[in-house]
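Positions are given from 1, in the same order as the sequence printed here. Note that this is a predicted model, so its numbers are computed, not measured.
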Amino acid sequence: MSTGRPSAPDAALAAFDRHRRLLFTVAYQMLGSVADAEDVVQDAWLRWSSVARDDVADPRAYLVQVASRLALDRLTSARARRETYVGPWLPEPLLTARAGDPADEAVLGDEVSLALLVVLETLSPVERAVFVLREVFGLPVAEVAAALGRSEAAVRQAGHRAREHVAARRPRFDADRQAHREVTERFLAACLGGDVDALLTALAPGAVLVTDGGGRTRAALRPITGAEKVARFLAAVVQGGASLPGLRMDLTEVNGRPGVAAWTDAGPYVAVSLVVADGLVQQVLVVLNPDKLAGLRR
């Protein structure tokens, strides 16, 4: 006879699901990889499903601790792989517009931008973990120390170094989302029209383009600097992709900010994230590596 109460496995899954999005975002910001973040969440579930949950006073703190340590372990091996990566390495893009849940948007926020994730790549693994947990999610020092197995003094020192490092390297951007969207719309229209002159009006004179193909597809092996060079490269890329079956480019939200994504009949094709300041595009971050486009699947 049913008691009307959920079974232990169902209760465990329900408790885990309440924090699943948070765990994914913690892991994603530490690793810059959708696939690796999903693996961390799966491993965290395996830990959670086998733990004596009556002994866990705070499930959220426990799960953040588990996910943080799993991500930290993966970060070291991921960095070793990136040393042999072909061309510039960019984080895996993530479509954030599809969530549609204010709670999800609150968890993701603006701190998931590709530009910030690029800066976080220059931190040590521990500094990155501390920055994500302290500065992005606002966890207390004691909780971060417990999550990472470090002393509170060490966490404070790592946090100070990370904040200074990020502040010095983080690109300046327009906080006004509507202004960012309008610039992105102009950029997309110019790209679709192959209009180099229109692109030049949207790009800052010193605009920088970074393309990540990972050796899997055609991409620039070094950053391209200067509005003229960037505009002509983008026009050529769009023209080259125009013959792909079913190509469609949309204005969407990429990593918490207005961006551009494209799909073909074969699946995700490219994601473009822009850094906009003073009404002009300062950076164009283009991910073409098909292995990195899982976050664009709809």
Side-chain angles (χ1 to χ4, degrees), residues 2-79 81 91-92 94-96 98-109 111-112 117 120 123-152 154-155 158-159 255-256 292 294-295 297:
S2 172
T3 64
R5 289 181 293 182
S7 66
D10 289 342
L13 181 58
F16 186 83
D17 280 344
R18 282 196 291 273
H19 307 294
R20 183 184 295 272
R21 189 63 171 172
L22 170 63
L23 302 180
F24 172 83
T25 310
V26 167
Y28 175 67
Q29 295 201 15
M30 286 179 62
L31 296 166
S33 165
V34 173
D36 285 346
E38 290 174 342
D39 287 344
V40 165
V41 172
Q42 180 61 30
D43 289 346
W45 160 247
L46 294 176
R47 301 279 184 93
W48 176 248
S49 62
S50 61
V51 75
R53 285 178 293 280
D54 290 343
D55 297 335
V56 179
D58 185 342
R60 178 182 181 277
Y62 173 83
L63 288 168
V64 168
Q65 178 183 110
V66 169
S68 299
R69 292 189 180 184
L70 288 168
L72 200 55
D73 289 343
R74 283 178 173 266
L75 189 54
T76 302
S77 59
R79 290 200 163 186
R81 293 196 303 271
E92 294 181 20
L94 184 66
L95 283 188
T96 46
R98 64 184 177 186
D101 184 341
D104 282 348
E105 292 173 8
V107 169
L108 288 167
E111 300 296 336
V112 78
L117 292 178
L120 295 187
L123 299 177
S124 74
V126 171
E127 288 170 350
R128 182 168 186 167
V130 170
F131 184 89
V132 168
L133 296 176
R134 282 284 292 147
E135 304 303 317
V136 177
F137 293 99
L139 298 187
V141 170
E143 193 171 332
V144 176
L148 302 179
R150 301 300 200 273
S151 70
E152 291 186 23
V155 166
N255 288 71
K292 290 189 171 186
R297 299 195 182 280

Colleague: With Q65, which residues qualify under side chain to side chain contact (heavy atoms under 4.5 Å, CB included), at least two apart?
Modeller: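 Listed in chain order: R69, A146, A147.
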Colleague: I'd like to check the salt bridge (Lys or Arg N to Asp or Glu O under 4.0 Å) partners of E38; sequence neighbours left out, ordered by chain and number.
Modeller: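 For E38, no residue satisfies salt bridge (Lys or Arg N to Asp or Glu O under 4.0 Å) once neighbours in sequence are set aside.
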Colleague: Ignoring hydrogens and angles, tell me if any N or O in the side chain of W48 forms a donor-acceptor pair with the backbone of L63 under 3.5 Å.
Modeller: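 It does not hold such a pair.
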Colleague: What are the two closest non-hydrogen atoms of A71 and A27, and how far apart are they?
Modeller: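 Shortest heavy-atom separation between A71 and A27 comes out as CB-CA, 4.3 Å.
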Colleague: Tell me which pairs pass salt bridge (Lys or Arg N to Asp or Glu O under 4.0 Å) where either residue lies in residues 55-66, with sequence neighbours left out.
Modeller: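 Checked against salt bridge (Lys or Arg N to Asp or Glu O under 4.0 Å) - neighbours excluded - the pairs reaching residues 55-66 are R60-E143.
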Colleague: Nearest 0.5 angstrom please: L75 CG to L70 CG, how far?
Modeller: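 Output value for this atom pair is 12.5 Å.
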Colleague: Looking only at atom types and distance, does a side-chain atom of Y28 sit under 3.5 Å from a main-chain N or O of E92, one as donor and one as acceptor?
Modeller: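 Such a contact is found between Y28 side chain and E92 backbone.
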Colleague: Who passes salt bridge (Lys or Arg N to Asp or Glu O under 4.0 Å) against D36, sequence neighbours left out?
Modeller: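 With sequence neighbours excluded, D36 shows a salt bridge (Lys or Arg N to Asp or Glu O under 4.0 Å) to R74, R81, given in chain and number order.
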Colleague: Can you confirm whether K292 sits close enough to S33 that some side-chain heavy atom of one is under 4.5 Å from a side-chain heavy atom of the other?
Modeller: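 No, their side chains stay 4.5 Å or more apart.
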Colleague: Any side-chain to backbone donor/acceptor pair from R150 onto V155? Under 3.5 Å, distance only.
Modeller: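 Absent.
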Colleague: Name every donor-acceptor pair, under 3.5 Å, that has one atom in a side chain of residues 126-133 and the other anywhere in the protein, sequence neighbours excluded.
Modeller:
{"residue": "E127", "atom": "OE1", "partner": "S124", "partner atom": "N", "Å": "3.2"}
{"residue": "E127", "atom": "OE1", "partner": "S124", "partner atom": "OG", "Å": "3.4"}
{"residue": "E127", "atom": "OE2", "partner": "R161", "partner atom": "NE", "Å": "2.8"}
{"residue": "R128", "atom": "NE", "partner": "Q29", "partner atom": "O", "Å": "2.9"}
{"residue": "R128", "atom": "NE", "partner": "M30", "partner atom": "O", "Å": "2.9"}
{"residue": "R128", "atom": "NH1", "partner": "E121", "partner atom": "OE2", "Å": "2.5"}
{"residue": "R128", "atom": "NH2", "partner": "Q29", "partner atom": "O", "Å": "2.8"}

Colleague: Just jot down the salt bridge (Lys or Arg N to Asp or Glu O under 4.0 Å) partners of R20, sequence neighbours excluded, or say none.
Modeller: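 By the salt bridge (Lys or Arg N to Asp or Glu O under 4.0 Å) rule, R20 matches D17.
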Colleague: Where do L148 and S68 come nearest, in terms of heavy atoms and distance?
Modeller: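 Nearest pair, atom of L148 first, then S68: CD2-CB, 4.1 Å.
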Colleague: Is there a side-chain contact (heavy atoms from CB on, under 4.5 Å) between V40 and L23? Walk through the geometry before answering.
Modeller: CA-CA 8 Å; V40 165; L23 302 180; over 6 Å; no
Colleague: Mind running side-chain contact (heavy atoms from CB on, under 4.5 Å) on V34 and F24 for me, showing each step along the way?
Modeller: CA-CA 8 Å; V34 173; F24 172 83; 4.2 Å; yes
Colleague: Check whether any side-chain heavy atom of F137 lies under 4.5 Å from a side-chain heavy atom of V64, and answer yes or no.
Modeller: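 They are not in contact (no side-chain heavy atoms under 4.5 Å apart), so the answer is no.
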